[in-house]
Amino acid sequence: MLSVDKQMEIIRENTVEILPEGELEKKLAKAIATNTPLVVKQGFDPTAPDIHLGHTVGLRKLRQFAELGHRVIVIVGDYTAQVGDPSGRSATRPQLAIEEVEANATTYLQQFSKVMAPLKFEVRRNGEWFAGMSFANILRLAGKMTLARMLEREDFTKRWKAEAPISIHELLYPLMQAYDSVAIKADVEIGATEQKFNLLTGRQIQEAYGVEQQVALTLPVLEGIDGLQRMSKSIGNYIGVSEPPREIFGKVMSIPDRLIVPYFQLVTNYTQAQIEKIDAAMKAGENPVSYKKELGRVIVGMYYDAQAAKEAQGEFERVVVEKGLPDEIPTVVFTSSESNPWLPRVMADNNLTTSSGAAIRLIDAGAVYLDGKRVSNAKEAYIVDHEPHLLKFGKRSFSYLKWRIE
RNA sequence: GGAGGGGUUCCCGAGCGGUCAAAGGGAACAGACUGUAAAUCUGUCGGCGAAGCCUUCGGAGGUUCGAAUCCUCCCCCCUCCA
């Protein structure tokens with residue numbers, strides 16, 4: 001194992017806080033002295049089927065711990081997912097059915113491996129200890145916390161002040177997460193800054209159960225591609241690690257320019273020196289687009305390979321920059337009882353738009369091209385023969401429309 | 001249990017008998033511009049093949065020529081008292 005100082009240097013990269021001050025150093029020293037790796041934990045609730053770049057911020061930190069020879073345990077929160085983490089939430093989450101959680105957990109595990117490969121890590125589901133927990137034990141756990149302390153946390157305070165509902169089960173969430181730390185005897189728990197309360201509750205509950213207290217390590221929250229809110233599946237501003245390369249690349253290109261540097265920091269392996277160079281170049285007036293493309297290539301490369309990254313960029317340049325055609329265009333075969341199918345109807349019936357009205361509006365806005373020619377009049381837009389016709393609207397919607405002969 | 005406030009279109013939020021398919025903001029989509037699916041500006045944003053019609057303002061009834069707006073009952077949320 002590396003020395004305490006060397007380890008701390010690596011661990012400190014990108015971290016916001018390590019609480020309490022100095023305790024991690026002590027734990028590391030002890031780990032080295034006794035040759036016992038630390039138990040490092042982060043929990044993920046399978047509330048949605050995909051891991052996105054936001055999750056990878058923590059996972060990458062776990063990776064570093066694994067590389068340093070520590071024992072990494074990923075908690076799949078199959079039980080906590082049924083409550084929903086109130087952190088950063090202004091409303092109660094919908095409670096998920098166990099089957100849904102199960103399905104999500106399965107894809108989570110596959111995707112964790114993708115981020116962690118080839119390093120080893122353990123996976124525990126918190127259902128292991130919660131599924132069979134007796135009511136008496138739940139009461140015992142609940143007895144370790146007071147309402148006042150629970151309400152200290154910002155999201156509850158906000159909701160309280162806004163006169164928004166807070167369900168009782170939501171109060172249990174931090175206790176459940178904390179109990180995970182008791183169950184696995186965590187030495188370190190990782191989470192985003194908004195997790196600080198939950199992480200510190202872990203310390204409190206561990207103490208109450210006579211377990212050595214963990215160190216709380218917080219990481220920056222990754223902003224979503226909209227640049228407005230944290231990256232989240234439910235907001236839809238995310239980049240999933242299992243998305244197709246061109247999707248990942250395109251989404252990277254859509255982030256606001258000011259997110260380029262934070263993304264390099266939080267989701268790539270770039271060194272601080274490399275990132276500073278990029279930052280300086282952009283501040284000196286260099287066009288950010290080349291760095292954004294680099295970022296897109298790097299990220300695609302991490303979850304696919306360099307070849308896929310190149311292709312994704314090529315596709316982007318061809319389609320978006322040069323307004324050319326993508327290499328795969330789906331063919332939509334439709335039938336019609338009319339002698340001349342009306343284009344807005346065809347688009348709506350084949351789910352290219354939500355309604356014919358929406359299609360008419362797109363045409364009126366000058367967004368729709370048929371065989372390379374802008375469609376100018378929605379009322380007189382017809383498909384006249386059974387040949388495939390190239391339909392384009394917006395920057396990304398391409399399809400061949402083919403009227404099937406009946 | 002008692003008293004009061006509230007539930008509006010994807011989200012926030014105005015409207016409080018006709019001029020309401022419902023202000024404003026956000027998101028989203030599109031156009032222009034661009035070495036970006038960035039920024040900026042502009043437009044669109046319930047459905048129906050013009051007009052006009054149809055379906056929406058927690059749910060169900062009712063009053064009225066006319067209801068998001070008034071009444072009744074129900075459901076849900078919040079506050080205060082207990």
Side-chain angles (χ1 to χ4, degrees), chain A residues 89-92 94 156-168 170 223-232 234-239 243-264 278 281-282 285-297 299-300 312-324 326 336-349 351-369 374-383 391-398:
Chain A
R89 289 270 158 173
S90 54
T92 309
F156 283 150
T157 308
K158 266 192 199 151
R159 278 160 69 176
W160 187 255
K161 282 188 181 149
E163 302 182 357
I166 301 171
S167 292
I168 301 295
E170 293 180 82
E223 283 185 83
I225 59 174
D226 57 1
L228 298 168
Q229 296 182 75
R230 61 191 288 268
M231 186 173 283
S232 146
S234 56
I235 298 168
N237 61 356
Y238 70 101
I239 299 177
E243 291 192 76
R246 70 190 58 177
E247 237 1 73
I248 294 179
F249 191 89
K251 283 186 175 181
V252 170
M253 293 307 286
S254 81
I255 64 172
D257 291 348
R258 68 177 172 78
L259 252 38
I260 295 172
V261 166
Y263 270 44
F264 268 116
I278 291 169
M282 285 196 291
E286 240 185 89
N287 193 318
V289 71
S290 58
Y291 295 108
K292 210 187 260 184
K293 284 178 181 169
E294 184 176 340
L295 178 65
R297 272 200 314 274
I299 294 173
V300 173
Q313 176 169 355
E315 169 104 353
F316 181 87
E317 282 163 357
R318 195 162 58 250
V319 176
V320 179
V321 181
E322 291 157 27
K323 300 189 194 305
S336 176
S337 52
E338 297 181 57
S339 55
N340 282 320
W342 188 49
L343 183 59
R345 188 75 266 146
V346 171
M347 289 168 75
D349 287 348
N351 293 322
L352 297 171
T353 56
T354 52
S355 66
S356 61
I360 293 170
R361 281 180 239 118
L362 283 170
I363 292 171
D364 289 345
V368 179
Y369 289 79
R374 182 176 259 170
V375 178
S376 54
N377 188 341
K379 267 179 268 170
E380 288 165 22
Y382 300 102
I383 303 291
L391 177 77
K392 174 196 181 239
F393 59 97
K395 286 170 179 137
R396 291 196 283 155
S397 303
F398 295 86

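Note: hydrogens, waters and symmetry copies are ignored here, and every other heavy atom, side chains too, is used. Here the structure is a predicted model, which means the values were calculated and not measured. Letters go in sequence order (proteins before strands), and every chain restarts at 1.
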Hey, mind stepping through A/Leu295 and A/Phe264 against side-chain contact (heavy atoms from CB on, under 4.5 Å) and telling me if it holds?
CA-CA 7 Å; A/Leu295 178 65; A/Phe264 268 116; 3.7 Å; yes
With nearest nucleotide decided by heavy atoms, which residue, A/Val321 or A/Gly357, maps closer to the 5′ end of RNA chain B?
A/Val321
Side-chain donor/acceptor contact of A/Asp257 with base of B/U36 under 3.5 Å:
yes
Taking the minimum atom-to-atom distance to the side chain of A/Pro165, which one of B/G49, B/G35, B/C78 wins?
B/C78
Any donor-acceptor pair under 3.5 Å from A/Lys392 side chain to A/Phe398 backbone
no
Listed by chain and number, what are the side-chain contact (heavy atoms from CB on, under 4.5 Å) partners of A/Arg258, not counting sequence neighbours?
A/Glu223, A/Pro256
Go through the steps for A/Tyr291 and A/Met282 under the test side-chain contact (heavy atoms from CB on, under 4.5 Å), then give the verdict.
CA-CA 9 Å; A/Tyr291 295 108; A/Met282 285 196 291; 3.6 Å; yes
Taking atom C1' in both B/U56 and B/A51, what distance in whole Å separates the two?
22 Å
Return all side-chain donor-acceptor pairs below 3.5 angstrom for residues 355-363 of chain A, not counting sequence neighbours, or 'none' if the list is empty.
residue	atom	partner	partner atom	Å
A/Ser355	OG	A/Gly357	N	3.4
A/Ser355	OG	A/Ala358	N	3.0

Same-atom distance (P) from B/A38 to B/A28, integer angstrom
10 Å
Could you state the CD-P distance from A/Glu338 to B/G49, rounded to the nearest angstrom?
10 Å
Using Watson-Crick geometry (N1-N3 plus N6-O4 or O6-N4) or G-U wobble (N1-O2, O6-N3), each under 3.5 Å, B/U19 is paired with none
Output all residues satisfying side-chain contact (heavy atoms from CB on, under 4.5 Å) with A/Asn351, sequence neighbours left out; order by chain, then residue number.
none
For A/Glu317, give me all partners under side-chain hydrogen bond (donor to acceptor under 3.5 Å, both in side chains), at least two apart in sequence or on another chain.
A/Lys293, A/Gln313
On a whole-Å scale, what distance lies between the P atoms belonging to B/G52 and B/A21?
12 Å
Let's test this: given Watson-Crick or G-U wobble pairing with both distances under 3.5 Å, identify the partner of B/C10.
B/G26
Measure from NZ on A/Lys293 to P on B/U34 and round the result to the nearest Å.
15 Å
Could you tell me how far B/A67 sits from B/C20 if I compare only their C1' atoms? Round to whole Å.
11 Å
For B/C48, does OP1 or OP2 lie under 4.0 Å from any side-chain N or O of A/Ser355?
yes
Nearest whole angstrom, please: distance from the P of B/G26 to the CG of A/Asp226.
14 Å
With the criterion being N/O to N/O and under 3.5 Å, what pairs connect the protein with nucleotides 5-12 of chain B, and how long is each?
none

Sugar-phosphate, base or nothing in reach of A/Ile225, heavy atoms under 4.0 Å
nothing
Side chain of A/Ser254 (C-beta onward), nearest among B/G49, B/U36, B/A38:
B/A38
If you measure from the C1' atom in B/U8 to the same atom in B/A23, how many Å do you get, rounded?
12 Å
Just compare B/U36, B/A27, B/G47 and give me whichever is closest to any side-chain atom of A/Phe316.
B/U36
Got a list of protein N/O to nucleotides 50-58 of chain B N/O distances below 3.5 Å?
none

Without swapping roles, check the side chain of A/Asn237 against the backbone of A/Ser232 for a donor-acceptor pair under 3.5 Å.
yes
Between B/U55 and B/A68, how far apart are the P atoms? Round to whole Å, please.
12 Å
Side chain of A/Pro256 only, heavy atoms from C-beta on: which candidate in B/A38, B/A27, B/C77 is closest?
B/A38
Between A/Lys251 and A/Asn340, whichever has its closest RNA chain B nucleotide further toward 5' is A/Lys251
Decide side-chain contact (heavy atoms from CB on, under 4.5 Å) for A/Val319 and A/Lys395; before the verdict, give the C-alpha distance in whole Å, the side-chain angles of both, and the deciding distance to 0.1 Å.
CA-CA 8 Å; A/Val319 176; A/Lys395 286 170 179 137; over 6 Å; no
Could you state the CD-C1' distance from A/Glu286 to B/U36, rounded to the nearest angstrom?
15 Å
Under a 3.5 Å limit on both distances, the Watson-Crick or wobble mate of B/G46 is B/C54
Could I get the full list of salt bridge (Lys or Arg N to Asp or Glu O under 4.0 Å) partners for A/Asp226, not counting sequence neighbours?
none
Mind checking the C1' distance from B/U34 to B/A50? Whole angstroms is fine.
37 Å
How would you label the contact of A/Leu259 with the nucleic acid (heavy atoms, under 4.0 Å): base, sugar-phosphate, or nothing?
nothing
What residues form a side-chain hydrogen bond (donor to acceptor under 3.5 Å, both in side chains) with A/Glu243, not counting sequence neighbours?
A/Lys251
Please determine if a side-chain N or O atom of A/Ser356 lies less than 4.0 Å away from the OP1 or OP2 oxygen of B/C48.
yes
Given B/A38, B/G49, B/G35, which nucleotide is nearest the side-chain atoms of A/Tyr382?
B/G49
Take atom CD1 of A/Ile235 and atom C1' of B/A27, then tell me their distance rounded to the nearest Å.
11 Å
From CD1 of A/Ile360 across to C1' of B/C45 the rounded distance in Å is 14 Å
Polar pairs (N or O, both sides) under 3.5 Å between protein and nucleotides 30-32 of chain B?
residue	atom	partner	partner atom	Å
B/G31	O3'	A/Arg374	NH2	3.3
B/A32	OP1	A/Arg374	NH2	3.3

Length of the CE-C1' vector between A/Met347 and B/C29, whole Å:
12 Å
Contacts of A/Tyr382 meeting side-chain hydrogen bond (donor to acceptor under 3.5 Å, both in side chains) (sequence neighbours excluded), chain-then-number -> none
For the side chain of A/Glu170 and the backbone of A/Ser167, is there at least one donor-acceptor N/O pair under 3.5 Å apart?
yes
Paired with B/A32: which nucleotide, if any, by Watson-Crick or G-U wobble criteria at under 3.5 Å for both distances?
B/U40
Strictly by Watson-Crick or wobble contacts shorter than 3.5 Å, is anything paired with B/A3, and which nucleotide is it?
B/U79
Does a nitrogen or oxygen in the side chain of A/Arg361 sit under 4.0 Å from OP1 or OP2 of B/G47?
yes
Partners of A/Arg297 by salt bridge (Lys or Arg N to Asp or Glu O under 4.0 Å), sequence neighbours excluded?
none
Kindly write out the residues that satisfy side-chain hydrogen bond (donor to acceptor under 3.5 Å, both in side chains) with A/Tyr263, not counting sequence neighbours, or none if the list is empty.
none
Could you state the atom-to-atom distance from CZ of A/Arg258 to C1' of B/A39 in whole Å?
11 Å
Measuring only the C1' atom in each nucleotide, how far is B/C11 from B/U64? A whole number of Å is fine.
34 Å
